[in-house]
Number of protein chains: 2
Amino acid sequence: MGSVEKKMPRINERLATSGLRLTPQREHVYDVLLAERDHPTAEQVFLRAKKDMPDISMATVYNCLDALVTSGLVKQVNLDRGATRFCPNMHEHCHFYCESCGGVYDIGLTRARPEVPMPRGFKATHLELSIRGLCPDCAARKK
Amino acid sequence: MGSVEKKMPRINERLATSGLRLTPQREHVYDVLLAERDHPTAEQVFLRAKKDMPDISMATVYNCLDALVTSGLVKQVNLDRGATRFCPNMHEHCHFYCESCGGVYDIGLTRARPEVPMPRGFKATHLELSIRGLCPDCAARKK
DNA sequence: TTGAGATTTAGAATTATTCCAAGTATTGAC
DNA sequence: GTCAATACTTGGAATAATTCTAAATCTCAA
């Protein structure tokens, strides 16, 4: 972390524009997401968050994650039937889902985003790209 | 439907190559998906399937959907925190998710698929594109 | 016809998420 | 600063979605 000076005003302001407050719990949940960018589930966030904030509750973790998502600081990632995952990387990127281990990885998008012709009436706000396959570890193991 | 001649051998063969059998339940669940292409959840499939096959059970619907997915006849669609949806359209297309009503629509892809440079070691099997926004009805209503 | 293996079924169990009510904290008006 | 209004956190209950289990049934091939 260590970027409190830069992170703090941003997160505060982002929450504020959605009518939400910056609380110790929300900041901590955000820090947990920033610390290990492996797209954890709410449950994993809860376990990690408890290390430094033992009294935080599951309900609060869900609340914080929702607050971060609605204020545009975090992305919600749904790639399979399992639990929703969370991603604090708001740069344009896509997700790679390993069909063997279930891991999720960020993949940078260098090229221009794909153009999709919208049928009449549809208003697109944004576009998501995901890729399924084998991550390096699983690919090596299957060889 | 009425395309039994064309549908039957295909579904049978597809299931067979995954070591699965064509059963009345599996065929019926597939027909339900083909009949109304609104990306129903397992629950909705269950309710529709019961109309013509009153004794079918929820567990069987899940089993059938899994069988159809693993044999490549149906796609599983996960766009939000809610229940998984199912799509029998196996042509290249992407999904539009309406953030207001939760509806899911197929959008044809006319252009070439986007190119994404894979980091070393990742083996991509396929690529999924989804678009979020407002469907025509909801867009009109919000005007 | 028989036996092995696949499938269906109802219901229990599990997992993921949301809801609720009570207590606590924060903010703005005064 | 004080007070009321509002937002937030919490534990636990409730709900929703999915998976598991064990027994009955079916199908295929020998």
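Everything quoted here is computed from the prediction, not taken from an experiment. Naming: A, B, ... by sequence-line order, numbering from 1 per chain.
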So the ring pair (Phe, Tyr, Trp, His ring centres under 6.0 Å) pairs with at least one residue in residues 53-80 of chain A (sequence neighbours excluded) are none

In B/S/- notation (B base, S sugar-phosphate only, - none; protein heavy atoms under 4.0 Å), nucleotides 23-30 of chain D written 5' to 3' is ----B---

Contact residues, residues 41-54 of chain A to DNA chain C [heavy atom, < 4.0 Å]: none

Any side-chain heavy-atom pair from B/His93 and B/Cys87 closer than 4.5 angstrom? yes

Would you mind reading off the distance between A/Asn12 atom CG and C/dT26 atom P, rounded to a whole angstrom? 13 Å

Do you know the tightest heavy-atom contact between B/Tyr105 and B/Cys135? CE1-CB, 3.5 Å

With a 3.5 Å distance limit and no angle check, can you tell me whether B/Gln44 reaches the backbone of B/Thr41 through a side-chain donor-acceptor pair? yes

A/Asp80 CG - D/dA17 P separation (whole Å): 16 Å

So, is A/Arg81 close to the C/dA16 phosphate, meaning a side-chain N or O under 4.0 Å from OP1 or OP2? no

Do the side chains of A/Ile131 and A/Leu127 join up, straight or via other hydrophobic residues, at under 4.5 Å, putting them in one cluster? yes

Evaluate the side-chain proximity of A/Leu20 to A/Arg14: yes if any heavy-atom separation is below 4.5 Å, no if none is. no

Below 4.0 Å: OP1/OP2 of D/dC8 and any side-chain N or O of A/Arg26: yes

Do the side-chain N or O atoms of B/Thr23 get closer than 4.0 angstrom to the phosphate oxygens (OP1, OP2) of C/dT8? yes

With five pairs defining each end axis, the helix from C/dT1-D/dA30 to C/dC30-D/dG1 comes out bent, to 10°, by 30°

Integer-rounded Å distance: D/dT9 P and A/Glu27 CD: 12 Å

Side-chain donor or acceptor of A/Arg26 paired with backbone N/O of A/Arg21 under 3.5 Å: yes

The side chain to side chain contact (heavy atoms under 4.5 Å, CB included) partner of A/Ser130 among A/Ile107, A/Asn78, A/Leu79 is A/Leu79

Hey, does the side chain of B/His95 reach the backbone of B/Val104 with a donor-acceptor pair shorter than 3.5 angstrom? no

Whole angstroms only, please: what is the CD-C1' distance between B/Gln76 and D/dA17? 13 Å

Is there side-chain contact between B/Asn89 and B/Lys75, with heavy atoms separated by less than 4.5 Å? no

side-chain hydrogen bond (donor to acceptor under 3.5 Å, both in side chains) partners of residues 47-56 of chain B, not counting sequence neighbours, each pair once: B/Asp38-B/Arg48

B/Arg81 to A/Phe86 - nearest heavy-atom pair and separation: NH1-CZ, 3.9 Å

Return the residues of residues 55-66 of chain A meeting this criterion: a heavy atom under 4.0 Å from some atom of DNA chain D. Order them by number, or give none. A/Asp55, A/Ile56, A/Ser57, A/Ala59, A/Thr60, A/Asn63

Between A/Cys138 and A/Cys98, the two heavy atoms sitting closest are SG-SG, 3.7 Å

Does D/dT18 have OP1 or OP2 sitting under 4.0 Å from an N or O in the side chain of B/Thr84? yes

Report the distance from atom NE2 of B/His28 to atom C1' of C/dT8, rounded to the nearest whole Å. 15 Å

B/Phe86 CZ to D/dA17 C1': how many Å, rounded? 11 Å

Specify the closest pair of heavy atoms between B/Val61 and B/Ala42, including all atoms of both residues, with the distance to one decimal. CG1-O, 3.8 Å

Which whole-number value in Å describes the distance from B/Leu22 CG to C/dT8 C1'? 15 Å

